[in-house]
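Atoms within each ligand, like the ligands themselves, are counted from 1 in listed order.
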Amino acid sequence: MNIKPANIKSEEMNEIRIAPNKYEKILENNNIKPTAMRLLVLQFLLNRKVATSLTDVENYFAKSDRTTLFRTLKTFVEKGISHKIDDGTGITKYALCEDNCHCEIDTDLHLHFHCTKCNETVCITEYKIPPIHLPKDYVAENVNLVVKGICDKCNSK
Ligand SMILES: [Zn+2]
Ligand SMILES: [Zn+2]
Ligand SMILES: [Zn+2]
């Protein structure tokens, strides 16, 4: 895991100054006002290859207000740039959505993989959840498909 201490914040700011358009555009395209905190959290999520818990975000932005961090993640989910993952660990995780994702059951939901060794969870976006035909009068609101096992990194050690 690549968690850096809290003093990274000034460096992060510099990076954002170098490439401001990329992150601002993602937020603006999804009707999210680009505040400094939202830009930083977005960048953090983009740079992580694995699903992120609120605790991961809090540890990374240790000097920031926890409520603001939680609200930022919530806004990202509500506006459809990230989705929540229930990987069976009891800890809600967040990952950024693919471009043009609407988190629709029929088209956008994908498989997640939880590694029992490193405890990380990743999106396997190339495997969409196949259509599920429920009995009459059942209405699906969400589908969660998690495969558990050993991830590629742990497997190659
Ligand atoms: Zn989505
Ligand atoms: Zn692993
Ligand atoms: Zn995912």
Side-chain angles (χ1 to χ4, degrees), residues 1-5 8 12 16 19-61 66-134 138-157:
M1 245 205 295
N2 191 21
I3 301 287
K4 292 175 205 158
I8 195 72
E12 295 269 335
I16 281 176
N21 296 335
K22 183 180 156 194
Y23 303 103
E24 267 176 34
K25 244 194 193 120
I26 295 173
L27 293 181
E28 278 166 0
N29 286 347
N30 291 281
N31 303 314
I32 304 170
K33 213 173 130 238
T35 62
M37 181 50 83
R38 286 170 179 169
L39 288 166
L40 289 168
V41 173
L42 176 65
Q43 190 189 33
F44 177 63
L45 292 177
L46 268 173
N47 288 340
R48 274 173 68 91
K49 302 276 176 282
V50 297
T52 303
S53 69
L54 175 61
T55 309
D56 294 331
V57 178
E58 283 174 358
N59 288 342
Y60 189 80
F61 298 103
R66 300 177 66 183
T67 315
T68 311
L69 292 171
F70 176 70
R71 286 214 190 106
T72 304
L73 291 174
K74 206 172 154 228
T75 302
F76 285 1
V77 172
E78 282 166 2
K79 298 285 186 178
I81 61 169
S82 90
H83 56 282
K84 281 197 222 178
I85 303 162
D86 173 5
D87 63 6
T89 59
I91 297 159
T92 301
K93 298 194 177 147
Y94 301 82
L96 288 178
C97 288
E98 298 172 277
D99 289 346
N100 302 319
C101 173
H102 300 101
C103 294
E104 294 287 347
I105 289 182
D106 297 333
T107 49
D108 295 321
L109 296 190
H110 49 260
L111 196 76
H112 289 112
F113 188 95
H114 178 71
C115 177
T116 51
K117 212 166 175 188
C118 64
N119 222 20
E120 301 285 17
T121 299
V122 291
C123 295
I124 313 272
T125 50
E126 45 289 37
Y127 287 93
K128 300 290 183 234
I129 293 180
I132 290 158
H133 304 287
L134 294 171
Y138 284 80
V139 179
E141 290 180 337
N142 192 16
V143 181
N144 186 37
L145 192 53
V146 182
V147 175
K148 299 194 180 192
I150 308 295
C151 75
D152 56 349
K153 280 180 214 83
C154 292
N155 201 17
S156 62
K157 268 174 203 164

Quiz item: Which atom names give the shortest non-hydrogen contact between R38 and F76, and what distance separates them?
Solution: O-CZ, 3.5 Å
Self-check item: Least distance between heavy atoms, M37 atom then T72 atom
Solution: CG-OG1, 3.9 Å
Quiz item: Above 12 or not: heavy atoms from other molecules or residues under 6.0 Å from NZ of K74?
Solution: no
Quiz item: Rounded to 10 degrees, what angle sits at the Zn ion (ligand 1) between C101 SG and C103 SG?
Solution: 120°
Exercise. Check the angle between the aromatic planes of F44 and F61 and answer parallel, tilted or perpendicular using the 30° and 60° thresholds.
Key: perpendicular
Quiz item: Would S82 and V77 count as a side chain to side chain contact (heavy atoms under 4.5 Å, CB included) if you check the C-alpha gap in whole Å, the side-chain angles of each, and the deciding distance to 0.1 Å?
Solution: CA-CA 5 Å; S82 90; V77 172; 3.5 Å; yes
Quiz item: With the Zn ion (ligand 3) as the point of reference, which N/O/S atom of H112 is the closest?
Solution: NE2
Practice problem: If you have a sec, read the angle at the Zn ion (ligand 2) from C118 atom SG over to C154 atom SG, to 10 degrees. | Solution: 110°
Quiz prompt | Angle in degrees, rounded to 10°, that SG of C151 and SG of C115 form at the Zn ion (ligand 2) | solution = 110°
Quiz item: Which angle, to the nearest 10 degrees, do you find at the Zn ion (ligand 3) between SG in C123 and NE2 in H110?
Solution: 110°
Practice problem: Return yes when at least one N/O/S atom of C97 is nearer than 2.8 Å to the Zn ion (ligand 3), and no when none is. | Solution: no
